[in-house]
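Only one structure is covered here, and it is reproduced in the block below.
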Amino acid sequence: MIQQIDKDVINTLKERLKEIFGYSQFRGDQEIIIQNILNKKNTFVIMPTGAGKSLCYQLPAIVTDGMAIVISPLIALMKNQVDQLNAFGINAQFLNSTLTKSEINRVKRDALDGSLKLLYIAPESLTKEENLDFLQKTKLSFVAIDEAHCISEWGHDFRPEYRRIHGIIDNIGDLPIIALTATATPKVQQDIRKNLQMEEAETFKSSFNRKNLYYEIRPKRDAKKQLIRYVRNNKGKSGIVYCLSRKTVEEIAQLLSVNDIKALPYHAGLDSNTRMANQDAFLNEEADVIVATIAFGMGIDKPDVRFVIHYDVPKSLEGYYQETGRAGRDGLEGNCLMFYSYEDIQKLEKFNKDKSVTERDNARHLLNEMVAYANLGVCRRRQLLSYFGEYLDEDCGFCDNCVKSTEKLKVQDEVVMALRAVKLSGERFDGDHIADLLTATENQYVRSYEHDKLDVYGKGLEYNESRDFWVSMLRQFVILNYLEKDIENYGVLKLGEKGESYINDPYPVTVYKDHNYEEEEIKVEDDDAAGGASGGSAHAYDEALLGMLKALRKKVAKEKNLPPYVIFQDPSLEEMATTYPTTQQEMAQINGVGMGKVQKFGRQFLETINRYVEENDIETAKDVVIKSMVNKSKIKIYIIQQVDRKVDLEEIAEVKGLNMEDLIEEIEHICYSGTKLNLDYYINQIMDRDRQKDIYDYFMNAETDNIAVAMEEFAHDDISEEELRLMRIKFLSELAN
Ligand code: ADP
Ligand code: ZN
C-alpha cells in the first residue's frame, strides 16, 4: 500500500515550502524531520509551542501520495488548522462529533477518491468501528499524533483514550508514525516512546528557549490595580489573562470591562455558544483580552498574542510554560507576567486533598517546582530550561531576574560542601535530604542511613545556618549543572561530569538570593516596554500603509469568517508595508505568503497598495519602482543566504556593488523585520571580545539603541560607527528576534 518516495520530492522540499506556505526557510529541524517521515521512519518531535510543529506533518502529507491521519485531542485545534490549510488551498478536513451526516459523507468521499491530503481525527472518533472500516479502504501515507504527551500519566494532561492509539493504528496498516509534543520532561518522553512502541524512533528535540518571551513574576499585592495598569499600558494589543477558577474569571473580566478594556471571559461553565462567540471575538480582534481558565488556549494558534498574564499561580511549570508559550508565536513581542503569592499555593494544595496518594504526590512535586521557580533569584529562562532537561550556559539578560538583577553572592566552599554531601551519601537522595544533612536537621532517614557519621554532617552551618539557604543552593547548583537530576527517581541528585571536576578544581560561582515577595517593592514604570530590547521605534515599515492593511485584513477576515491571521500574519503585513508589492508575483515573494494565498486573498491588498503607492507618489515611474522593489527583496534573500554561509561582508558588498554602509543598512532592515542573523563569524574577526562586550553591555543598559547616542557615549574609545551598528545587529538578533 505504501509507495516509495521519489528522491525528487525530497530535493524540492524547499521549493514546495515556498510555493505552498510562502516561507523561504525551514525553521530549526523541520527539514530533516520531514525527510525522516518521508523515508517512512518513525519520528519523535519535541518542540516548544510556536516553534512550528504542524508544518512537520503538513508539508510531508501534502507532497506525498495518499492521505495522512492527524490525531489531535481538541476539536477547536482541528478546526483552526483545517481553516489555515484550506486558506493555503490544501484539501484538509476533520472528522469529529460536530459534523452532520452529509458532511461526514463528503469527508469520506474525498478521502476515498484520493483528493484529501490530511484527515484530522479525535482519538474517540478513531476508535469507532465504522471509521476504522473506511480508513482501511483509503490510501494512507502516515499517522501524526499531536500533543503526544497526553499518553503519559506522568505529564500534566493525561488522556486515557490516547493509550489506545497504538493498537488502532496497528489495525489500519503498517504506517510510519510521527509523534509531536511541546512539553516533555525526560520521564514523559520515555513514556511516549514505550507506549507507541517506537523506542527506535529518531528523536528531534529542539531547544525550549523561546527567546522573544520576557518572563516576569510580581508579588500578588494590589494585583487588580497592577493588572489594570499593565493591560492599559498595552492598549490595543492582544492578551490572555489566566485565572484558576470560573468565579475569578468572571470577576476579572468584569473588572477589566468597567475599566474600558475590551475583555471577555472564557471558561467551561459558559454555555457553548457564548464560549465560542467569545473565543471568536478574541481571534477576530473584536476583543483585546480574553480572561480564561486553562480550558482556553489549547489549539489557539493566534500568532500575535502580546502578553499572557497568570493572575493566579499555575499548577505546574509544564502548564505555565505551555500557557506562556501562547505569547509571541510570530517571534515578535511576548510578555509573560505571573502574580505570585504563597496563599495561591496553599489553595492549590487543598484541591489535591481528595486525590489518590500517587496523584497527590505527583501534584505536590509539580507544585514544589513552581514554588522554587517563583522564589529563586536566578535567571528564569535558565530555570525553565533546566526543568525541561536543557542547560543554558549563561544568564539570558531578558527576564526580570536578569534585568532587575536580584542580590548576588559568590560561593565556592559551599559548592564543594554540597557536592561532597551528595557524593558521600551515595547519590541516592533529594535536595531536601542533603539540606537536612548539611544543617544537621532531624529527619527519619539521616540516622538510619548513618549520614550523621559523614564528615559533612552539620558542616553547612559554618557557612549559613538556614536550611532554606541550602535548599536554594542545591537547586541553583542543578541549574548551573554542577548537580544533575536522576531521570528514573524523582528528585534524586547526582554529580555530573562538571560536578566531579569541580570538587577537584573549585572556583568562585555566582548565585542569587531568593526573592522575598513579602518585602519586595512593586515597580511598574516599565509596564509597556518590558525588557526594553524590542528595537525601539526603528520600524522599517510605513505605518500609515500598515494601518490600512491591518484594517483591510480585519474586513476580509470578517467577510470570510476567518481569524485575521489566517489571511496574513503581522510580519507579512509589515513586510508589505516595507516593500510595497504591486503585482501578484511580488506579493508571493513576501515571507509567509505563497501564490495560493495571493490568489485567495491578495486582490484587495494589491489594490490597496497600488492605490497607496499612487496617491502618495511613492515613485511615479512605476516600472522603476517595481524593479527596485524586486531587487531589494532579492538582495535581502541573497544577504541572508551568504551570511548563513559565513561569507565575509566585504565580499557580499562587492558582489552586489554596495558599499559597506549600504550593506549594513540592508542587514539592519532584515534584522528589524524579525529575521535573526548571526554575524559572529565576522564580528569576531574585526573586534576582540572585550571590545564586543563593552558595546554589548552598553546596549543592554542603554535607554535607546540610537547610534548617534551610542557614538557620543564611546566618543573617547576609538570605536567606529560600523562596529557599533554591527554590535547593535548582534544584540537585537540575540535578544529581540
Ligand atoms: P506549534 O504547533 O509548534 O506550536 P505552529 O506549527 O502552530 O507551532 O507554528 C507556529 C507559527 O510558526 C505559525 O504561525 C506558523 O505559520 C509559523 N511557521 C512554521 N514554520 C515556519 C517557517 N518555516 N517559516 C516561517 N514561519 C513558520
Ligand atoms: Zn534571564
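We count ligands from 1, going down the list as the structure has it; atoms in each ligand are counted the same way.
Near ligand 1, residues Tyr23, Gln25, Phe26, Arg27, Gln30, Pro48, Thr49, Gly50, Ala51, Gly52, Lys53, Ser54, Asp301, Arg329, Gln569 each place a heavy atom inside the 4.0 Å sphere around the ligand atoms.
For the salt bridge (charged side-chain N to carboxylate O under 4.0 Å, His left out) condition, the pairs that include at least one residue of residues 19-30, sequence neighbours left out, are Arg16-Glu19. Applying the salt bridge (charged side-chain N to carboxylate O under 4.0 Å, His left out) test to residues at least two apart or on different chains, the pairs with a partner in residues 82-95 are Lys79-Asp83.
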Which is it for Lys237 and Asp288 under the salt bridge (charged side-chain N to carboxylate O under 4.0 Å, His left out) test, yes or no, and what are the steps along the way?
CA-CA 6 Å; Lys237 298 180 187 171; Asp288 292 329; over 6 Å; no
Decide salt bridge (charged side-chain N to carboxylate O under 4.0 Å, His left out) for Lys53 and Asp146; before the verdict, give the C-alpha distance in whole Å, the side-chain angles of both, and the deciding distance to 0.1 Å.
CA-CA 9 Å; Lys53 275 186 295 302; Asp146 210 358; over 6 Å; no
Determine, step by step, whether Lys550 and Glu285 satisfy the salt bridge (charged side-chain N to carboxylate O under 4.0 Å, His left out) criterion, reporting the C-alpha distance in whole Å, the side-chain angles of both residues, the deciding distance to 0.1 Å, and the verdict.
CA-CA 11 Å; Lys550 282 194 172 166; Glu285 295 171 6; over 6 Å; no
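No more than 12 heavy atoms of other residues, nucleotides or ligands lie within 6.0 Å of NZ in Lys513, so this atom counts as exposed by the packing criterion.
Glu318 and Tyr387 are linked by a side-chain donor-acceptor pair at a separation below 3.5 angstrom, with hydrogens and angles left out of the test.
The count of protein N, O or S atoms under 2.8 Å from the Zn ion (ligand 2) stands at 4, with waters excluded from the count.
Considering Tyr340, Tyr320, Tyr321 in turn, Tyr320 is the only one that fulfils the side chain to side chain donor-acceptor pair (under 3.5 Å) rule with Tyr373.
Remark: Lys408 is not positioned above the aromatic ring of Tyr512, lacking an NZ or CZ atom under 6.0 angstrom from the ring centre and at most 45 degrees off the axis.
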